[in-house]
Amino acid sequence: MISCYKTRVRLFGPVLLLIMMVINGCESVAEHPIVDAYKFEKPAHFPEPTYTFRNNQVNEKGFKLGRRLFNDPSLSRDGSISCSSCHVQSHAFADIMLHPFSFGVEDREGKRNAPPLFNLAFQKEFFWDGGVTHLDFAPILAFESEIEMDLSFEEVVARISRSADYPALFKDAFGIEEVTGPYVLHALSQFMLMMLSADSKYDRYVQGDHQALNSLELKGLELFRQHCESCHQEPLFTDLSYRNNGVQRNITDLGRETVTEVPQDRAKFKVPSLRNIEVTSPYMHNARFETLQQVLDHYTEGVAEQVSIDPKVFASGKPVISLNAEEKEQIIAFLKTLTDPGFLTNPIFFNSND
Amino acid sequence: MKVFNNIYSMLLLFVVVLFSCQESENPTINEKGEMIVKFDNYVGNQTMILDELGSTNYRYTTAKGQEFNITRFGYYISHVKLSGPNGEVFVDEMNATADASQIKGYYRVVQGEPDTYNIHLKDVPAGQYNKITFTLGVREDGIQEGAVGGILDRAAGGWFWNWNSGFIHYLFEGHSPSSPVVQGDITNRVRLHIGGWKNIPSENEDPQRFFDNNVEISLDFDATVRVSESLRPSPHIHMNLLKVIGDADFEMENNIHSPAAGKPFSQRLAGAFIVDHTHQ
């Protein structure tokens, strides 16, 4: 019996190899490459990602598990809200216009505008003040914040472990018998990493489709590169720095200073990406502006002297950026070419338990 | 063909001789042993005893003469190295990963949990050792890997800061009648959370941002010890909380929760550890 078993084991490897070779051979002959919708692929014109894929490679099971967690209200203290309550796909995973500050459990109002979520694999720091230094850690803050989901991460993981469905899904995705914190975070990261927005009209233009932008939009791109590019750098449309653009009349939110603990960073916030800006109103960390016109008017007329004001927006006692009405119209036309309809409607992000 | 055979045979003989020589010259080349590093926490010359949250039993007194007690205490240790007088070196393997069973090189000493007082070093090359070096804290390589398991998993009680990513790597909580801090029905609270793992140095008129409060500590043993397959020595390290509190005033410094606020305390950390004695 034993020797028979051994023989089988010995034969198993080569036979399996042969079968796999035949299968693979067939595939290449048939020339039907299987497109894996759940594989992270860096857009050709993007920089190298910063995320640590070496220890958390995106795959279909992990992604779908992350999607389920992202949409699950039972992971908030009173079961009232999920991540998707404030991060809505049709708004590039920002909140809706009617919620300038998102509502957490018991309708507690937030303090900063919920940022959109996309191209997170290329960020170095997260949230408006950049206090979180790795995408994996971002959900912990949202779970535990009293004005968001108000549930300790320990209890989040405990609820997942006690649920009827999750343990089997985690076993399937990660091969683990017991659900622990890092795998919950890895699943959520897998879901968020796939939020790639790189197929707007602008992207098509820079990748060689010269018809993608009309003459108005092209004039806007030219003006954008002249007046806005130094902070909103292409192709991410942010240089990932922290700046005070004078959006608080009176400084009540210290922003980056809270994290770095130096007064030089007072009222500085991360330069946000402008991709999908058409669908992420209201604008700025304090949701001060509802239209792009108001934003441009702020830069040309509204910005005033203030401690730590960025010299790129205010210098020598006056706003740096000067634009006439027509130029503003052109820039706004260009900004709307940064909308990525494929991303905003991609069904892989739809709430589903499949 | 015959010539080839002869060359092969000679080559084979040569290789066999070479290897057998090595073996006979250095019989212990691959011998490994273990060492157990024990941490004992003290407050001055008193042993450390925990009290219940809310306790008004003040067992200890700071250099400033302020009474206090301790309700929670511990610290992370990582990057352990041993070295010896004859060039022996042991570097403890480090691995930060989601799989708790594969976490290597990270330890947390938690007062009240005696299992955590002993750091068990394995696969130490046989030889003599008289010095230990370790990091008090968790460095960038334990944070920027992203979500990790075991004692570094916040969901499993890891002391992770959510607002400013990183670990509280030296933690002391207790009460002092000198502290005016009231939280709910808990009065006279003292909390000292030291963390911070990066420095962005000052440049021109820009100040330093963030503080790396990890501290590398090197301690000489009181005697040279020998590690072998049959000898498992054990250095005993004493940690003295009073040295870390230093001249802090609990009336003012009673709620430390950020890298900048923790800096003066972290500068006193290295002086709080000594090797008291070693068991061969």
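Numbered from 1 within each chain, the chains take letters A, B, ... in sequence-line order. Values reported hereafter were calculated over all heavy atoms of this structure, with side chains retained and with hydrogens, waters and symmetry mates removed.
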List the atom pairs, with distances to 0.1 Å, where a side-chain N or O of residues 199-207 of chain B and a protein N or O form a donor-acceptor pair under 3.5 Å, not counting sequence neighbours.
residue : atom : partner : partner atom : Å
B:N199  : OD1  : B:Q208  : NE2          : 2.9
B:N199  : OD1  : B:D212  : N            : 2.8
B:D206  : OD2  : B:R209  : NH1          : 3.3

Closer than 3.5 angstrom, by distance alone: can the side chain of B:N69 be matched with the main-chain N or O of B:N57 as a donor-acceptor pair?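 Answer holds: yes.
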Could you look at B:I143 and say if it's the side chain, the backbone, both or neither that has a heavy atom under 4.5 Å from chain A?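 Both parts, backbone and side chain.
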Does any backbone or side-chain atom of B:S258 lie under 4.5 Å from a heavy atom of chain A? Answer side chain, backbone, both or neither.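 When you check distances to chain A, atoms from both the backbone and side chain of B:S258 fall under 4.5 Å.
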For chain B, find which of [options] contributes the most heavy-atom pairs closer than 4.5 angstrom.
| options | value |
| --- | --- |
| A:T258, A:L185, A:L141 | A:L141 |
| A:V157, A:N55, A:V184 | A:N55 |
| A:T133, A:D129, A:N56 | A:T133 |

Would you mind checking which part of [X] comes under 4.5 Å of any heavy atom in chain B, side chain (CB onward), backbone (N, CA, C, O), both or neither?
| X | value |
| --- | --- |
| A:E155 | neither |
| A:T260 | both |
| A:V132 | both |

How close do A:R112 and A:F269 get, heavy atom to heavy atom, and via which atoms?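 Here A:R112 and A:F269 meet closest at NE-CE2, 3.9 Å.
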I'd like to know if A:K171 and A:E177 make a salt bridge, using a cut-off of under 4.0 Å between side-chain N and carboxylate O.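 Looking at A:E177 together with A:K171, the answer is yes, because their closest N to O distance falls below 4.0 Å.
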Greater than 12 external heavy atoms within 6.0 Å of B:K38's NZ: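 Check passes, neighbour count above 12.
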With a 6.0 Å cut-off (strictly less than), is the heavy-atom count around CD of B:E216, excluding the residue itself, greater than 12?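 Count over threshold, so yes.
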